[in-house]
Number of protein chains: 2
Amino acid sequence: MNAMLVCADCAVRDKALCGALSDGELAALNRIGRRRHLRRGETLIWAGEDNAVCANLLSGVMKLTAGTADGREQIVGLVYPADFVGRPWPGEAGVTVTALSDVELCTFPRAAFEAVLEDHVRMERLLLQRTFAALDEARNRMLALGRLSAGEKVAAFLLAMADRGSGCRATGFGPVTFDLPLTRGEMAEILGLTIETVSRQLGRLKAAGTIALPGARGVTIRDRAALEAAAGN
Amino acid sequence: MNAMLVCADCAVRDKALCGALSDGELAALNRIGRRRHLRRGETLIWAGEDNAVCANLLSGVMKLTAGTADGREQIVGLVYPADFVGRPWPGEAGVTVTALSDVELCTFPRAAFEAVLEDHVRMERLLLQRTFAALDEARNRMLALGRLSAGEKVAAFLLAMADRGSGCRATGFGPVTFDLPLTRGEMAEILGLTIETVSRQLGRLKAAGTIALPGARGVTIRDRAALEAAAGN
DNA sequence: CGAGTACTTGATCGTGATCAACGGGTGTGG
DNA sequence: CCACACCCGTTGATCACGATCAAGTACTCG
């Protein structure tokens with residue numbers, strides 16, 4: 001595979017960290033980067049193992065999970081195309097990174113990526129800004145986990161997914177439809193609930209006419225104002 | 001106040017971000033830094049306001065809180081001496097930063113700090129590493145908030161505070177005593193519980209002989225193994 | 001010494017977990 | 001092509017954990 005081609009046809013070329021680099025500079029990344037596919041359910045990084053790879057997600061969605069000793073699991077973050085996963089420095093991974101759908105990744109050996117980062121301050125700055133953003137998001141989720149009721153959690157989650165899924169289109173009223181990249185069980189893992197509770201809350205919103213649930217994964221927001229009210233805004 | 005003196009007698013000189021700088025380079029920070037005191041309960045940064053200051057904490061403890069529209073609050077992080085608070089780039093603060101005890105800070109105007117960061121790559125790297133660490137911690141707390149029972153939350157919290165408070169002394173058995181920098185109400189805000197539940201769980205651990213509660217804020221761990229078992233490890 | 005705040009303890013209630021059964025879609029193999 | 005199994009989701013019944021409401025106790029500080 002021609003090295004330049006790897007980046008030339010990259011779907012997230014200017015949205016990912018690499019956007020900090022000129023076409024010329026990309027050569028450094030090209031040399032160490034490798035495309036990789038994972039099927040739904042396959043894991044890229046296991047919590048507790050030494051950091052071995054960093055990666056940009058090209059397509060699909062992944063989840064970050066933390067778990068207790070006795071097997072309970074909590075999804076602590078979602079990874080979308082152009083997002084970065086992994087840690088550039090030696091140490092133990094704190095979370096497990098698993099594909100929620102079939103995914104395509106651009107992976108880098110950790111040490112090699114560290115070296116590239118060393119030479120490209122702008123890329124390091126972008127990484128820092130992304131990390132701050134991830135921290136803000138994590139803290140928002142902490143608020144949700146600790147203080148929202150089940151109904152509020154589900155409503156807030158749907159709103160967040162709608163904004164992600166439909167590309168931040170203006171807060172238009174009128175129905176918006178999108179597909180969840182998650183099963184009910186995974187929604188429960190994100191929200192700190194059980195699968196039954198998630199199902200019931202969705203049912204309640206549907207019964208109220210706030211949303212519709214076309215097909216297994218589809219969601220239609222029929223009354224955004226009501227959904228926002230249910231989310232406690 | 002003599003600029004050099006500010007850093008020369010700094011309690012956290014080599015543990016904070018500034019540790020990345022040589023004595024000479026510190027001049028840049030010295031010029032823009034200002035010591036500031038806050039009393040217990042006073043707030044340095046309000047969520048929603050534009051980023052105006054960055055700071056290193058010199059002494060005392062602070063809390064980071066997020067809140068819902070209707071006034072519920074969740075503590076999403078604690079800040080200890082040598083820790084950094086604030087964001088170097090323009091934007092809105094996501095969390096409120098409030099003193100839990102009387103604190104001493106070394107504050108920098110945001111824009112000026114951004115400029116210093118620009119010139120000192122090693123400091124930026126340290127900040128990135130700290131931010132990754134903060135993210136790991138936040139994600140661990142998400143696991144606790146979403147999946148641990150009240151008893152597990154309280155036990156795990158005491159263990160974490162013991163390790164912080166007593167300076168990571170080896171996992172020695174035998175009693176360890178320390179003071180919590182938090183009220184019961186604040187513990188509840190961290191753990192996503194109510195004050196009564198926290199009090200009851202502490203009472204239960206005390207009744208079991210696992211801990212003792214000398215004075216209002218004191219905690220003695222009498223049986224670390226039992227406490228770890230209660231935390232689900 | 002009195003007032004206020006933090007903490008504890010008790011009684012009751014409600015939300016969400018748990019246990020259980022069932023329906024619908026999908027893929028596999030006979 | 002259908003039968004079957006499996007997974008995912010829904011729905012119902014019950015239970016328990018933690019919230020809420022309510023007193024009452026211990027420290028601190030004026």
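So you know, we letter chains A, B, ... as the sequences are listed, proteins then strands, and number each from 1. Being a predicted model, the structure only gives us computed values, none of them experimental.
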- Query: Looking at A:Trp46 and A:Ala93, what are the two nearest heavy atoms and their distance?
  - Reply: O-CB, 3.8 Å
- Just grab all the salt bridge (Lys or Arg N to Asp or Glu O under 4.0 Å) pairs involving residues 43-72 of chain A, residues at least two apart or on different chains. A:Asp70-A:Arg72, A:Arg72-B:Glu152
- Task: Taking only Lys NZ, Arg NE, NH1 and NH2, and the carboxylate oxygens of Asp or Glu, determine whether A:Glu73 and B:Arg147 approach each other closer than 4.0 Å.
- Result: no
- Task: For the pair A:Arg200 and A:Glu196, find out whether any cationic side-chain nitrogen is under 4.0 Å from an anionic carboxylate oxygen.
- Result: no
- 5'-most contact on DNA chain D (nearest-nucleotide basis), A:Leu182 vs B:Thr194, goes to A:Leu182
Restricting to nitrogen or oxygen on both sides, can you table the protein-nucleotides 22-25 of chain C pairs closer than 3.5 Å?
none

- Message: B:Thr43: which residues meet the side-chain hydrogen bond (donor to acceptor under 3.5 Å, both in side chains) condition with it, sequence neighbours left out?
- Response: B:Thr98
- Over its full length, what angle do the end axes of the helix from C:dC1-D:dG30 to C:dG30-D:dC1 make, each axis taken from five pairs and the result rounded to 10 degrees? 30°
- Where along residues 184-193 of chain A does a heavy atom fall under 4.0 Å from DNA chain C? A:Gly192, A:Leu193
- Item | From B:Phe113 atom CZ to B:Leu17 atom CG, the distance as rounded to the nearest 0.5 Å | 5.5 Å
- Item | B:Lys15 versus B:Ala82, closest heavy-atom pair with distance | CB-CB, 3.8 Å
- Are any of the side-chain heavy atoms of A:Leu105 and A:Arg35 separated by less than 4.5 Å? no
- Task: Tell me which residues in residues 195-218 of chain B put a heavy atom below 4.0 Å from DNA chain D, sorted by number, or none.
- Result: B:Glu196, B:Thr197, B:Arg200
- Just the endpoints, please: which first and last nucleotides of DNA chain D, 5' to 3', lie under 4.0 Å from a heavy atom of chain B? D:dG18 to D:dC21
- Can you find a pair of side-chain heavy atoms, one from B:Thr220 and one from B:Ile211, that are under 4.5 Å apart? no
- Item | Close side-chain approach of A:Val53 and A:Arg110, heavy atoms under 4.5 Å | no
- Query: Among residues 143-154 of chain B, which residues get a heavy atom nearer than 4.0 Å to DNA chain C?
  - Reply: none
- Query: Base, sugar-phosphate, or nothing for A:Thr183, non-hydrogen atoms under 4.0 angstrom?
  - Reply: sugar-phosphate
- Task: Give a yes or no on this: more than 12 heavy atoms of other residues, nucleotides or ligands lie within 6.0 Å of atom CZ of A:Arg130.
- Result: yes
- List for me each residue that meets side-chain hydrogen bond (donor to acceptor under 3.5 Å, both in side chains) alongside B:Asp83, sequence neighbours excluded, and say none if there are none. none
- Listed partners of B:Thr183 passing side-chain hydrogen bond (donor to acceptor under 3.5 Å, both in side chains), at least two apart: B:Glu186
- Residues that A:Arg13 engages under side chain to side chain contact (heavy atoms under 4.5 Å, CB included), provided they are two or more places apart: A:Cys10, A:Asp23, A:Leu26
- Item | Charged N-O contact under 4.0 Å between B:Asp102 and B:Arg36 | no
- Does some side-chain heavy atom of A:Leu202 sit less than 4.5 Å from a side-chain heavy atom of A:Met187? yes
- Partner set under side-chain hydrogen bond (donor to acceptor under 3.5 Å, both in side chains) for B:Asp136, not counting sequence neighbours: A:Arg87
